[in-house]
A.B. asks: 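Shown below is the structure under consideration.
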Number of protein chains: 2
Amino acid sequence: MIDAVNSFAPTEQRLAVTCRRHPAFPREPAVLVRLVKHLYKRLHDDANALLKPWGINHPEYNLLMMLYGTEGYTLSPSQLAAAAGEKSANITRLTDGLCDKGLIERTASDEDRRRIALTLTGAGVAMIKGFLPDVCTLLERQTSGLQPREAAQLEKLLKKFLDHLEQA
Amino acid sequence: MIDAVNSFAPTEQRLAVTCRRHPAFPREPAVLVRLVKHLYKRLHDDANALLKPWGINHPEYNLLMMLYGTEGYTLSPSQLAAAAGEKSANITRLTDGLCDKGLIERTASDEDRRRIALTLTGAGVAMIKGFLPDVCTLLERQTSGLQPREAAQLEKLLKKFLDHLEQA
DNA sequence: AACAAATAGTACATATATGTATAATATACG
DNA sequence: CGTATATTATACATATATGTACTATTTGTT
């Protein structure tokens, strides 16, 4: 093993001290919340680094991918917000940038005048096809430490965690 | 069941379409990355909301807790960055704010003149003791959908995921 | 001993993200 | 039908976060 030092150890150590001082402090939830945060920061940074040469950042990439996975490559800002996990104001800011880059376009909705339709352009589709191989490699590398069975179990548990958060 | 609609469904649906279009697209890693992101955003927002009446935000809370869990309530900025999972420039900005609020103080290090010692003040310790009950309640509620065995398994898998990210 | 390389922490310009007010429009209700 | 309520999307002021250059200092190397 190259280097078994666990980057989470400094965090866990401090939580252990807090638990000794306050036996009622819920160690497990505190550990889980911080693991999610550390993972998120790392995954976010790695994706930003890979996408930088393509002139987009991780959230922009995510929006493009959610449109790409939709019939007609089209979603409204509200739908895109839900699919991408972004606040509505951020959707406006991010989609402004993607429009400026010519990767998506905004058009009025036929059925509801309050709504806007966001659609991938030809350039947007081309860019996705361009970076997909690199992104696939990154994604595979990020989770290569997990066996398929473990990844499936992790998915199940993360979903359960998320579902319950949303019922509170 | 009150409302079984799964907030992650819009995301997963789009990933499924992408996988059909690109069989080599790694669905499992893409799902895991987005579950982590959705969880992080939600956990972050909930903590910010709870802490707002205390005049601090989630990252500031986290720094206070890492100091609280340390001998003498003292860490250097580098150590705090590692424990809290924050970039060094953010540590400077956040600790500036906590100093302004009188919750921590900066002093020179005896053993290394490049270093600074960050220490909780009496007011900082008092604030932690003040909000801990509410934070404990939030933490317990956030993970109450998971059985203890599931939470332990989730911790193990998240650690494995994180460890591997850091060996890349 | 002298110099090179690395580390610690910060300043600051820039990037990213958000809360909330607002206007326009659709839907619900009496 | 008229009015109230909810929804959609955005503007914009503010909050949060970061990359990188820099200075001071420590450690490593020759």
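This is a predicted model, so every value here is computed, not measured.
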A.B. asks: From the list C:dT25, D:dT10, D:dT25, which nucleotide is the closest neighbour of the side chain of A:Arg113?
C.D. replies: C:dT25

A.B. asks: With nearest nucleotides of DNA chain C determined for A:Ser88 and A:Glu111 from heavy-atom distances, which residue corresponds to the more 5′ nucleotide?
C.D. replies: A:Ser88

A.B. asks: On DNA chain C, nearest-nucleotide positions of A:Lys87 versus A:Glu60: which is more 5'?
C.D. replies: A:Glu60

A.B. asks: Can you check the A:Arg115 CZ to D:dT10 P distance for me, whole Å?
C.D. replies: 13 Å

A.B. asks: Of all the choices, D:dT16, C:dG9, D:dA17, which nucleotide is nearest to the side chain of B:Asn57 once you look at every atom?
C.D. replies: D:dT16

A.B. asks: Please state how far atom CG in B:Asn48 lies from atom P in D:dA15, giving the value in whole angstrom units.
C.D. replies: 13 Å

A.B. asks: Side chains of B:Glu28 and A:Thr143: does their closest heavy-atom pair fall under 4.5 Å?
C.D. replies: no

A.B. asks: Please determine, for the side chain of B:Leu94, which listed nucleotide (C:dT18, D:dA17, C:dA11) has the closest atom?
C.D. replies: D:dA17

A.B. asks: By the 4.0 Å heavy-atom rule, please label B:Ser76 as base, sugar-phosphate, or nothing.
C.D. replies: sugar-phosphate

A.B. asks: Is any N or O donor-acceptor pair between the side chain of A:Arg114 and the base of D:dT7 shorter than 3.5 Å?
C.D. replies: yes

A.B. asks: Tell me what A:Asp112 touches on the nucleic acid: a base, only sugar-phosphate, or nothing, going by heavy atoms under 4.0 Å.
C.D. replies: sugar-phosphate

A.B. asks: How long is the straight-line distance from CG of B:Leu120 back to CE of B:Met65, given to the nearest 0.5 Å?
C.D. replies: 9.5 Å

A.B. asks: Please determine if a side-chain N or O atom of B:Ser78 lies less than 4.0 Å away from the OP1 or OP2 oxygen of C:dG9.
C.D. replies: yes

A.B. asks: Please pick, from C:dT10, D:dA9, D:dA11, the nucleotide with the shortest atom-to-atom distance to any side-chain atom of A:Ile116.
C.D. replies: D:dA9

